[in-house]
Amino acid sequence: MNRYQDGGAEDAVGGNRRGLWVEEPARRRRMPDPVRASAVRAVLIVSLTLIQATVGFFLTLTGSWLAFPMVLGAVAGTIVATWGVLDVWITRQMWNQRYGVVSEPSSTARRRRREERRAAKAARAERKAGPARIPREDGPLAAFGRR
């Protein structure tokens, strides 16, 4: 085998070589299909609108009669592109509301509940322990029988 192929062969020193193709875990999870489809649609609409606006701008500079229809199309494309971007946002929110809830508690939720229980237990123990101040016999209200 040559040096670029990976068949599990070992080096001359006896260690395994790293192959040419190495699978690495994804950094972020893949978007759900409906969200990805609306994102692709939005990117295509926005790119076509930008192309149309650029062509309209250059046609305006040259004084061509096509400038007016192109600029009108670019304005309409801007409205459609705004709708496309909003569609991505709404589809993503809808997907998260329907399918984004995980039914099992995460370790963070467990840790927070544990801290809340400890705080409640400490508060109960503090209430049960009594007053935090030591009563004085020679205070300003001692003459009235209060401590």
Side-chain angles (χ1 to χ4, degrees), residues 1-136 139 141 146-147:
M1 273 199 243
N2 68 28
R3 63 187 245 182
Y4 295 109
Q5 294 174 341
D6 183 71
E10 293 185 357
D11 271 347
V13 289
N16 279 338
R17 294 183 305 200
R18 180 178 171 168
L20 188 60
W21 183 269
V22 177
E23 288 282 335
E24 293 182 3
R27 291 188 183 135
R28 291 172 39 179
R29 287 182 18 203
R30 181 176 165 167
M31 281 193 292
D33 287 339
V35 178
R36 193 170 62 238
S38 66
V40 168
R41 190 170 43 242
V43 165
L44 290 174
I45 292 170
V46 168
S47 63
L48 288 175
T49 302
L50 286 173
I51 291 169
Q52 196 172 15
T54 306
V55 170
F57 173 73
F58 287 128
L59 286 175
T60 303
L61 287 179
T62 60
S64 174
W65 65 272
L66 281 174
F68 183 68
M70 261 322 201
V71 170
L72 285 180
V75 170
T78 303
I79 294 168
V80 173
T82 304
W83 168 83
V85 172
L86 282 175
D87 181 46
V88 173
W89 183 62
I90 290 169
T91 307
R92 187 169 166 265
Q93 294 297 323
M94 179 270 312
W95 181 268
N96 285 338
Q97 285 179 2
R98 285 189 185 170
Y99 306 106
V101 178
V102 180
S103 61
E104 55 191 49
S106 65
S107 59
T108 306
R110 263 186 248 115
R111 182 175 45 212
R112 185 164 8 122
R113 277 199 315 267
R114 191 178 316 126
E115 289 171 1
E116 288 172 359
R117 272 183 291 193
R118 283 183 187 156
K121 187 176 180 182
R124 276 193 307 261
E126 189 176 312
R127 271 186 262 127
K128 197 181 284 186
R133 296 178 54 190
I134 300 173
R136 292 178 43 171
L141 300 176
R146 295 184 182 168
R147 290 187 178 186

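Note that the structure is a prediction, hence the values are computed from the model and not measured.
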**Q.** Flag side-chain contact, heavy atom, 4.5 Å: P34 against W95
**A.** yes
Q.
How close do A74 and A53 get, counting heavy atoms only, and between which atoms?
A. CB-CA, 3.8 Å
Can you list, pair by pair, the side-chain donor-acceptor contacts under 3.5 Å of residues 20-29, counting residues two or more places apart and other chains?
residue	atom	partner	partner atom	Å
W21	NE1	E23	OE2	3.2

Q) For the residue pair V88 and A42, what are the closest heavy atoms and their distance? A) CG2-CB, 3.7 Å
(Q) Rounded to the nearest 0.5 Å, what separates atom OG1 in T91 from atom CG in D33? (A) 12.5 Å
Q.
Quick check for you: to the nearest 0.5 Å, what is the distance between I90 atom CD1 and W83 atom CH2?
A. 10.0 Å
**Q.** side chain to side chain contact (heavy atoms under 4.5 Å, CB included) partner of V35, the single match among R30, R92, M94
**A.** R92
Q. Rounded to the nearest 0.5 Å, how far does CD1 of I45 lie from OG1 of T78?
A. 11.5 Å
Q. In Å and rounded to the nearest 0.5 Å, what is the CZ to CG distance from F68 to L59?
A. 13.5 Å
Q) Quick one: CD on Q52 to CG on L72, what's the gap to the nearest 0.5 Å? A) 9.5 Å
Q: Can you see which heavy atom on G56 is nearest to which on V71, and at what distance?
A: O-CG2, 4.2 Å
Q) Taking all non-hydrogen atoms of both residues, which atom of V46 and which atom of A81 are closest, and how far apart? A) CG2-CB, 3.8 Å
